[in-house]
Amino acid sequence: MIQAGDRVMVCLSGGKDSYTLLKLLTLLKRRYNKFEIFAFTLDQSHPGWSDAGMRQWLQDNKIPYEILTEDTYSIVKEKIPEGNTYCSLCSRLRRGIIYRYAEKHGFNKIALGHHRDDLITTLLMSIFYSGEIKSMPPKLLSDNKKHIVIRPLVYCQENDIITYANEQRFPIIPCNLCGSQENLVRQKTKMLILQLAKENPKIPSNMLHALTSVKLSQLMDKTHWDFRGLEGLQELTGEAKEVDFDLAGEELGF
């Protein structure tokens with residue numbers, strides 16, 4: 001994800017995930033010192049926002065940073081009716097500002113703090129509510145091909161991040177915009193995975209592995225698998241052969 005000479009802009013939201021990402025990348029840089037790290041924080045003018053502790057932590061750890069204030073909070077509150085989910089518009093506004101800042105200041109990589117549980121929750125949400133099989137890729141080229149987004153924590157479990165953040169005593173800044181809304185779809189989906197994991201602890205890791213092991217011939221996407229052309233690959237000998245029931249069962253999904 002990170003190569004020699006990269007200028008990496010780490011998006012520090014003030015939450016446990018982004019703090020953990022920034023800390024780990026800082027430790028990695030101290031060992032190899034072949035790339036640059038810069039912390040970028042967007043102050044969206046949420047009620048109760050206080051970044052004094054963050055500023056002090058960044059200075060204590062000698063991490064170059066900027067905290068940029070853009071009042072997207074008022075825009076979201078104005079455009080989204082009370083009680084509806086703010087996340088979509090909020091994230092679009094935030095993403096636009098992040099991309100513009102990275103381009104203006106010459107950062108070729110943008111690092112985000114999404115972890116394993118974010119990826120698998122997004123996968124289920126996409127299936128349930130969008131009818132698509134997709135999630136958050138560990139490495140993404142933006143649509144305009146000017147930005148590469150990386151997610152170095154994709155193999156990290158949220159519980160481990162919580163433990164690490166508590167040990168490090170990061171000065172967390174809570175998000176009072178999304179956190180004030182109950183029954184968000186993401187929280188419901190996350191709870192479903194947690195409930196299933198109580199019965200089978202391997203379910204979260206199996207879901208992550210599924211993102212790396214796609215069997216196109218076992219799905220229904222005609223744009224990625226030539227179902228119409230299968231007859232041309234079929235072997236017809238005209239002679240009856242002994243059936244391998246184990247292989248047939250495996251191919252049919254029994």
Side-chain angles (χ1 to χ4, degrees), residues 1-2 8-30 37 39-44 46 48-58 60-61 63 65 67 85-87 90-91 94 98 110-125 135-138 149-212:
M1 292 188 190
I2 299 177
V8 183
M9 188 178 88
V10 181
C11 294
L12 179 62
S13 67
K16 65 183 187 331
D17 306 328
S18 57
Y19 267 118
T20 297
L21 172 62
L22 181 57
K23 179 67 174 182
L24 294 180
L25 289 183
T26 300
L27 295 175
L28 186 65
K29 183 182 182 303
R30 289 174 184 172
I37 287 181
F40 174 74
T41 299
L42 179 60
D43 171 8
Q44 298 178 263
H46 293 175
W49 172 273
S50 175
D51 53 37
M54 173 188 285
R55 292 178 185 272
Q56 188 62 54
W57 184 86
L58 289 165
D60 291 345
N61 285 272
I63 300 173
Y65 72 94
I67 299 176
T85 301
Y86 301 134
C87 299
C90 181
S91 63
R94 184 172 63 248
I98 289 171
I110 300 172
L112 303 179
H114 297 122
H115 47 69
R116 181 202 70 174
D117 299 84
D118 289 324
L119 267 68
I120 63 177
T121 301
T122 300
L123 173 63
L124 275 196
M125 288 175 60
S135 183
M136 300 173 173
V149 177
I150 59 174
R151 297 180 170 96
L153 299 183
V154 292
Y155 289 106
C156 296
Q157 300 180 31
E158 184 174 23
N159 284 337
D160 292 336
I161 293 175
I162 291 173
T163 300
Y164 183 73
N166 289 336
E167 290 175 352
Q168 294 292 311
R169 298 182 179 179
F170 295 134
I172 303 296
I173 301 177
C175 176
N176 295 322
L177 181 61
C178 301
S180 64
Q181 295 179 280
E182 297 179 352
N183 300 321
L184 291 176
V185 168
R186 178 167 289 277
Q187 289 301 318
K188 290 181 179 180
T189 308
K190 184 176 179 180
M191 290 305 300
L192 172 60
I193 296 173
L194 290 174
Q195 291 171 3
L196 293 172
K198 289 180 180 179
E199 301 176 8
N200 184 350
K202 292 184 178 180
I203 283 179
S205 59
N206 284 343
M207 291 178 66
L208 185 70
H209 182 265
L211 291 173
T212 70

Indicate every side-chain donor-acceptor pair of residues 190-202 with a distance under 3.5 Å to a residue at least two apart or in another chain.
{"unit_1": "Lys190", "atom_1": "NZ", "unit_2": "Glu158", "atom_2": "OE1", "d": "2.8"}
{"unit_1": "Lys190", "atom_1": "NZ", "unit_2": "Glu158", "atom_2": "OE2", "d": "3.2"}
{"unit_1": "Asn200", "atom_1": "OD1", "unit_2": "Lys202", "atom_2": "N", "d": "3.0"}

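Nearest heavy atom pair, residue Leu12 against residue Thr41, reads O-OG1, 2.8 Å. Closest of all the heavy-atom pairs between Gly53 and Pro171 is O-CG, 3.5 Å. Of all heavy-atom pairs spanning Met207 and Leu123, the tightest one is O-CD2, 4.3 Å. Between Ala111 and Leu25 the shortest heavy-atom distance is CB-CD1, 4.3 Å. For Gly15 against Ile172, the heavy-atom pair with the smallest separation is C-CD1, 3.8 Å. Pairing each heavy atom of Val154 with each of Leu208, the nearest pair is O-CD2, 3.8 Å.
The salt bridge (charged side-chain N to carboxylate O under 4.0 Å, His left out) search around Arg186 returns none, not counting sequence neighbours. In this structure Thr189 satisfies the side-chain hydrogen bond (donor to acceptor under 3.5 Å, both in side chains) test with no other residue, sequence neighbours excluded. In terms of the side chain to side chain contact (heavy atoms under 4.5 Å, CB included) criterion, residue partners of Ser13 (sequence neighbours excluded) are, by chain and number, Ser18. Every residue meeting the side chain to side chain contact (heavy atoms under 4.5 Å, CB included) condition with Ile161, not counting sequence neighbours, appears here in chain and number order: Lys16, Asp17, Thr20, His115, Leu153, Cys156. The side chain to side chain contact (heavy atoms under 4.5 Å, CB included) check on Asn61 picks up Lys23, Arg30, Trp57, Ile63, with sequence neighbours excluded. For Phe40, the ring pair (Phe, Tyr, Trp, His ring centres under 6.0 Å) criterion is met by Tyr101, not counting sequence neighbours. Qualifying side-chain hydrogen bond (donor to acceptor under 3.5 Å, both in side chains) partners for Gln157, counting only residues two or more places apart in sequence or in other chains: none.
Remark: Ile67 CD1 to Met54 CE distance equals 5.5 Å, nearest 0.5 Å. Distance CG/Leu22 to CG/Leu27: 9.5 Å, rounded to 0.5 Å. Going from atom OG1 of Thr122 over to atom NE2 of His114 covers 7.0 Å, rounded to the nearest 0.5 Å. The distance from the NE2 atom of His209 to the CD1 atom of Ile120 is 14.0 Å, given to the nearest 0.5 Å. Remark: Ile98 CD1 to Leu42 CG distance equals 6.5 Å, nearest 0.5 Å.
Within the structure, no pair that satisfies the side-chain hydrogen bond (donor to acceptor under 3.5 Å, both in side chains) test touches residues 164-173, not counting sequence neighbours. The salt bridge (Lys or Arg N to Asp or Glu O under 4.0 Å) analysis of residues 110-121, with sequence neighbours excluded, yields no pairs.
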Is there a side chain to side chain contact (heavy atoms under 4.5 Å, CB included) between Trp49 and Gln44? Walk through the geometry before answering. CA-CA 9 Å; Trp49 172 273; Gln44 298 178 263; over 6 Å; no

Where do Ile110 and Cys11 land on the side chain to side chain contact (heavy atoms under 4.5 Å, CB included) test, with the steps shown first? CA-CA 7 Å; Ile110 300 172; Cys11 294; 3.7 Å; yes

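Counting heavy atoms from C-beta on, the side chains of Ser135 and Met125 never come closer than 4.5 Å.
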